[in-house]
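The model shown is predicted, which means the values in this text are computed figures rather than measured ones. Sequence positions, counted from 1, serve as the residue numbers for this chain.
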Amino acid sequence: MAKAPTVDDVARAAGVSRQTVSNVLNAPDIVRDATRQRVEAAISDLGYRPHAAARRLRMRRSSTIGIHLDPYAGGISGVVLDRFVHALTERAGERDMRVLLYAARTPEEEIARLGDLLEGGEVDAVVVTGTFHGDPRTGWLTARNLPFVSFGRPWGEDDVEAPAHLWVDVDGAAGTRAATAHALARGGGRVAFLGWPAGSGTGDERERGWRETAGDGPRWVVEENVSAARDVVTAGLLADPDVTAVVCASDSLAIGAHLATTLAGRPDMPVVGFDNTPAAEALGLSSVEQLPERVASGALDLLMGDGTVVAPRAATAGAAHVLVEPRLVVR
């Protein structure tokens, strides 16, 4: 797909500065007629579509969207968010917006950081990541009328018909349904699920997809740790040797499960992960691809795609969320 033309492309085609293009879009009366006509001709020839929301934000404040950068925790769990941030930055740039990264280790620390950014006029909107039950960040943003969208559901009673705020997410249940169907087709018999302790919204959704497809396979519980996952699966296979495949809530858990099946002398047992990280690819494990680039596009469409910056309380049924269908990568 061809990349959409940007303000810089228009400026080059018209032989003017980026600021002149901005003036034609936002304050045409201050631009000489000949120059304005040249810029308008370049806009028409290139098919450039100026985003009204970006212009409005630019005139009001900073043309900047803030997003939290997770602390480095090692391992492989941060790959999806890294891809999401890169995609968000690229797609925001195509809309003449900038992305500002800020760091915080806890939700309370993030709220304090957001307060500083808001007070200084450094951001006009925010993308929140990693939402959870009782998340204090979303309520804080809503109370201050700062436009935002979350990568992750509100985890309310009805996030579709009565959403608490705008959100975009990956359909985790659809991903594990596809993974479980694949495991059943490959191994038959009993498919186990290796997931996190109950109470994690994301983990519970992924478990639901397996449960709706697998029948009576065992549910094994472990924290996000490769070694712990290996030990849990080792014990599980000893207790239930009829298990023929394992579907996992993450690639980290899948790597641990793969180590366990190999140690048990069953290296060909199907193990399916979630996130499709480079580590899973290197080991030849099938995995569910979250498609974070589509998530980034969905987040920006919700936040500013209709020509306005959507206020936090403007969420309405059917128009307040984007649910991205993941893709199973079979190896």
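Checking side-chain atoms of Thr262 against main-chain N and O of His258 turns up a donor-acceptor pair under 3.5 Å. A donor-acceptor pair under 3.5 Å links the side-chain atoms of Thr234 to the main chain of Arg230, judged by distance alone. Between the side chain of Thr64 and the backbone N or O of Val123, no donor-acceptor pair lies under 3.5 Å. A side-chain donor-acceptor contact under 3.5 Å links Trp210 to the backbone of Val191. Proximity of a side-chain donor or acceptor of Thr142 to a complementary backbone N or O of Thr138 within less than 3.5 Å is detected. The main-chain N or O of Thr277 is never found under 3.5 Å from a side-chain atom of Asp275 such that the two would form a donor-acceptor pair.
Between Phe84 and Val79, every side-chain heavy-atom pair lies at or beyond the 4.5 Å cut-off. Taking 4.5 Å as the limit, every side-chain heavy atom of Ile67 sits out of range of all side-chain heavy atoms of Leu100. A heavy-atom distance below 4.5 Å is not found between the side chains of Thr176 and Glu207.
The pair Arg153-Asp169 counts as a salt bridge, with a side-chain nitrogen and a carboxylate oxygen less than 4.0 angstrom apart. Ion pairing between Asp171 and Arg206 fails under the 4.0 Å rule for side-chain N and carboxylate O. Salt bridge present: Glu205 and Arg208 bring a charged side-chain N and a carboxylate O closer than 4.0 Å.
At a cut-off of 3.5 Å, with distance as the only test, no side-chain donor of Glu223 or Trp196 sits close to an acceptor on the other residue. Residues Arg98 and Ser63 bring no donor and acceptor atom of their side chains to less than 3.5 Å of each other. Side chains of Asn276 and Arg331: a donor on one and an acceptor on the other come within 3.5 Å.
Hydrophobic clustering of Ile, Leu, Val, Met, Phe, Trp and Tyr side chains at less than 4.5 Å, counting indirect connections, keeps Val295 apart from Val288. Note on Val322 and Val85: same hydrophobic cluster, where clusters join Ile, Leu, Val, Met, Phe, Trp and Tyr whose side-chain heavy atoms are under 4.5 Å apart, directly or indirectly.
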Practice task
Please assess Glu122 against Tyr102 for the test side chain to side chain donor-acceptor pair (under 3.5 Å), listing each intermediate value before the final yes or no.
Solution key: CA-CA 11 Å; Glu122 297 179 61; Tyr102 60 90; over 6 Å; no
Self-check item: Worked verdict on Asp29 versus Arg36 for salt bridge (charged side-chain N to carboxylate O under 4.0 Å, His left out)
Solution: CA-CA 9 Å; Asp29 292 343; Arg36 177 176 52 77; over 6 Å; no
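Legend: residues meeting side-chain contact (heavy atoms from CB on, under 4.5 Å) with Gln37, ordered by chain and number and at least two apart, are Asp33. By the side-chain contact (heavy atoms from CB on, under 4.5 Å) test, Thr106 pairs with Glu108, Glu109, sequence neighbours left out. Residues passing the ring-ring contact (aromatic ring centres under 6.0 Å, His included) test with His86: none are found, sequence neighbours excluded.
Counting all heavy atoms, side chain and backbone alike, Ala249 lies closest to Gly195 at CB-CA, 3.9 Å.
Applying the 6.0 Å contact sphere to CZ of Arg190 captures more than 12 heavy atoms from other residues, nucleotides or ligands.
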